[in-house]
*Asks:* 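One structure is given below, represented as structure tokens, and several questions about it will come after.
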Amino acid sequence: MRKPLVVALCALALAGTGAIPAVAAEPSPTGADATTDAAPTTLTDVVNGVVGTAADTLSGLTAPEEGAVDFAGTVSLSNCSGSVVRMPGSADDDPALVLTNGHCLESGFPAPGQVLVDRASSRSFGLLNSAGSRVATLRADRLVYATMTDTDAAIYRLSTTYARIKSAYGIDALTLSATRPAAGTSISVVSGYWKRIYDCSVDGFAYRMKEGDWTWKDSVRYTSACNTIGGTSGSPVVDGATGQVVAVNNTGNEDGERCTVNNPCEIDENGQVTVRQGINYAQQTYLFPACFGADNRLDLSASGCAVPKP
């Protein structure tokens with residue numbers, strides 16, 4: 001989780017010089033999702049519009065090399081990043097799913113211990129192609145699952161299928177791996193919001209990670225090269241060798257504080273607390289495929305489904 005947007009007008013100047021902004025749009029605990037075509041009505045809306053322009057400018061600075069991980073299938077939210085994902089067993093005519101963070105919900109942060117399942121939603125997502133250009137607006141019809149307990153993840157169901165997205169835009173969904181990643185794995189964190197890709201490796205895992213009132217299990221710790229910023233929350237973490245999603249980007253220790261909001265700490269099996277200022281983290285996603293069956297339906301009672309339950 002990151003701090004809310006305070007000042008982002010400087011992003012345009014920074015983008016003009018080729019620098020990367022240090023501040024990005026953040027998830028608001030109470031902010032509703034903005035519609036794509038709505039005119040700015042508040043100072044925050046105006047600033048967010050400027051930041052969006054800066055993000056578009058940045059896309060030209062971060063175009064992926066041929067054969068590398070790219071932006072195809074990622075999405076931008078009003079406050080975060082995300083991706084269109086499929087399970088290993090998903091069919092082309094299944095309703096498509098979008099993965100992001102639980103703390104990116106338009107309704108606000110889920111409380112510790114809270115798991116949201118099968119809620120109405122009309123959230124919109126900007127679909128990106130391989131070059132990071134927005135090619136469509138996709139819309140959800142349900143929030144399938146969301147929590148900030150043990151993990152920090154949200155999965156929306158779209159009102160269209162993988163086949164229709166492929167036919168209309170030539171874009172495939174990213175596949176969620178059913179295998180836990182290993183330390184040393186080369187990864188890319190792909191931000192649809194900022195249209196920026198961070199390349200690094202899995203440095204290791206935090207047995208427990210605490211941030212404010214929330215605690216997460218078996219979190220992925222990046223090497224320092226993935227210096228993710230606000231707005232990258234919800235980005236897919238892609239295995240460079242397989243092209244599959246192994247985690248969802250969610251936080252980092254900004255100020256060196258201990259276990260506070262925006263400053264998560266690691267806790268080992270013996271209760272030893274470690275603070276790593278400037279290091280960023282993700283939540284693993286390999287548990288989710290076992291929880292989805294035919295037609296991409298969530299089944300929390302399925303054998304092997306070990307995600308938190310209501």
Side-chain angles (χ1 to χ4, degrees), residues 33 69-77 80-102 104-106 115-130 134-147 151-181 190 192 234-239 242-248 283-310:
D33 185 23
V69 172
D70 59 34
F71 296 100
T74 62
V75 299
S76 59
L77 285 67
C80 287
S81 300
S83 57
V84 181
V85 296
R86 61 188 300 154
M87 304 300 160
S90 295
D92 290 345
D93 60 355
D94 285 344
L97 304 173
V98 165
L99 171 70
T100 187
N101 284 147
C104 293
L105 293 184
E106 64 270 46
V115 178
L116 305 176
V117 174
D118 194 27
R119 302 290 181 95
S121 177
S122 59
R123 190 116 195 229
S124 61
F125 310 91
L127 177 66
L128 305 186
N129 64 15
S130 61
R134 182 174 178 142
V135 295
T137 298
L138 305 176
R139 191 167 296 277
D141 57 20
R142 305 297 291 180
L143 172 65
V144 176
Y145 180 92
T147 191
T151 187
D152 183 5
I155 298 177
Y156 290 87
R157 186 183 73 192
L158 298 180
S159 56
T160 189
T161 65
Y162 300 116
R164 289 173 183 164
I165 293 173
K166 175 70 171 178
S167 176
Y169 311 110
I171 294 174
D172 291 310
L174 301 175
T175 298
L176 231 58
S177 173
T179 303
R180 185 179 185 273
V190 189
S235 299
V237 179
V238 181
D239 184 317
T242 67
Q244 296 188 342
V245 176
V246 295
V248 57
Q283 302 307 309
Q284 298 192 56
T285 51
Y286 72 95
L287 295 175
F288 282 107
C291 305
F292 284 80
D295 301 319
N296 267 354
R297 293 188 180 276
L298 178 69
D299 181 2
L300 294 177
S301 64
S303 175
C305 179
V307 300
K309 300 170 177 61

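Values below: all heavy atoms of this structure, side chains included; hydrogens, waters and symmetry mates excluded. Quick note: residue numbers are just sequence positions, from 1.
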*Asks:* Once you round to the nearest 0.5 Å, how far does CG of Asp141 lie from OG of Ser159?
*Replies:*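 One finds 5.5 Å between CG of Asp141 and OG of Ser159.
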*Asks:* Surrounding CZ of Arg297 (heavy atoms of other residues, nucleotides or ligands, distance under 6.0 Å), is the total greater than 12?
*Replies:*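 Counting neighbours around CZ of Arg297, 12 or fewer heavy atoms of other residues, nucleotides or ligands fall under 6.0 Å, so no.
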*Asks:* Has the side chain of Ser81 got a donor or acceptor atom that lies under 3.5 Å from a matching backbone atom of Gly234?
*Replies:*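 Checking the backbone N and O of Gly234 against the side chain of Ser81, no donor-acceptor pair under 3.5 Å is found.
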*Asks:* Would Tyr286 and Val246 count as a side-chain contact (heavy atoms from CB on, under 4.5 Å) here? Give the steps.
*Replies:* CA-CA 6 Å; Tyr286 72 95; Val246 295; over 6 Å; no
*Asks:* So which of Arg139, Arg123, Arg142 actually passes side chain to side chain contact (heavy atoms under 4.5 Å, CB included) with Tyr156?
*Replies:*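 Running side chain to side chain contact (heavy atoms under 4.5 Å, CB included) over Arg139, Arg123, Arg142 with Tyr156 returns exactly one hit, Arg123.
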*Asks:* Any idea which heavy atoms bring Val238 and Val190 closest together, and the distance?
*Replies:*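 Distance-wise, the nearest heavy atoms are CG2-CG2, 4.2 Å.
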*Asks:* Answer whether the closest heavy-atom distance between the side chains of Lys166 and Asp172 falls below 4.5 Å.
*Replies:*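 The answer is yes; the side chains approach within 4.5 Å.
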*Asks:* Quick check for you: to the nearest 0.5 Å, what is the distance between Ile165 atom CD1 and Leu127 atom CG?
*Replies:*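 CG of Leu127 is found 6.5 Å from CD1 of Ile165.
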*Asks:* Would you name the heavy atoms of Pro95 and Arg157 that are closest together and state the gap between them?
*Replies:*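 Taking Pro95 first and Arg157 second, the nearest heavy atoms are CB-CG, 3.8 Å.
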*Asks:* How far does CG of Leu176 sit from CG of Leu97, to the nearest 0.5 angstrom?
*Replies:*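 Rounded to the nearest 0.5 Å, the CG-CG separation comes out at 9.0 Å.
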*Asks:* CG of Asp239 to CG of Leu174: how many Å apart, nearest 0.5 Å?
*Replies:*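 Those atoms lie 12.0 Å apart.
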*Asks:* Nearest heavy-atom pair of Ala136 and Tyr169: which atoms, and what distance?
*Replies:*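 Ala136 and Tyr169 have their closest heavy atoms at CB-CZ, 3.3 Å.
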*Asks:* Quick check: does any side chain N or O of Asp152 sit under 3.5 Å from a backbone N or O of Asn101, one acting as donor and the other as acceptor?
*Replies:*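 Pair absent, no side-chain N/O of Asp152 close to backbone of Asn101.
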*Asks:* Rounded at 0.5 Å granularity, tell me how far CG in Leu116 sits from OG1 in Thr147.
*Replies:*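 Spacing of CG (Leu116) from OG1 (Thr147) equals 7.0 Å.
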*Asks:* For a quick test of reading the model, state the closest non-hydrogen atom pair linking Pro289 to Pro88 and the distance between them.
*Replies:*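 Reported closest heavy-atom pair: CB-CD, 3.7 Å.
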*Asks:* Could you check if a side-chain atom of Lys309 sits within less than 4.5 angstrom of a side-chain atom of Val117, using non-hydrogen atoms only?
*Replies:*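 They are not in side-chain contact.
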*Asks:* Report yes or no: do Ser90 and Asn296 form a side-chain donor-acceptor pair below 3.5 Å?
*Replies:*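 Looking only at side-chain atoms, Asn296 and Ser90 do form a donor-acceptor pair, the distance falling under 3.5 Å.
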*Asks:* Could you tell me whether the side chain of Phe292 reaches within less than 4.5 Å of the side chain of Val144, counting heavy atoms only?
*Replies:*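 They are in side-chain contact.
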*Asks:* So do Val115 and Tyr145 actually touch side chain to side chain, heavy atoms under 4.5 Å?
*Replies:*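 Tyr145 reaches Val115 side chain to side chain.
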*Asks:* Minimum heavy-atom separation for Ile171 and Val135, please, with both atom names.
*Replies:*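 Heavy atoms only, the tightest pair is CD1-CG2, 3.8 Å.
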*Asks:* Is the backbone N or O of Val85 less than 3.5 Å from a side-chain atom of Tyr162, with the two atoms forming a donor-acceptor pair by type?
*Replies:*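 Side chain of Tyr162 to backbone of Val85, a donor-acceptor pair under 3.5 Å: yes, one is there.
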*Asks:* Search all heavy atoms of Thr74 against all heavy atoms of Pro236 and return the closest pair with its distance.
*Replies:*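 Where Thr74 meets Pro236 most closely, the heavy atoms are CG2-CG, 4.0 Å.
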*Asks:* Can you tell me how far apart CG (Leu287) and SG (Cys305) are? Round to the nearest 0.5 Å.
*Replies:*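 Output value for this atom pair is 8.0 Å.
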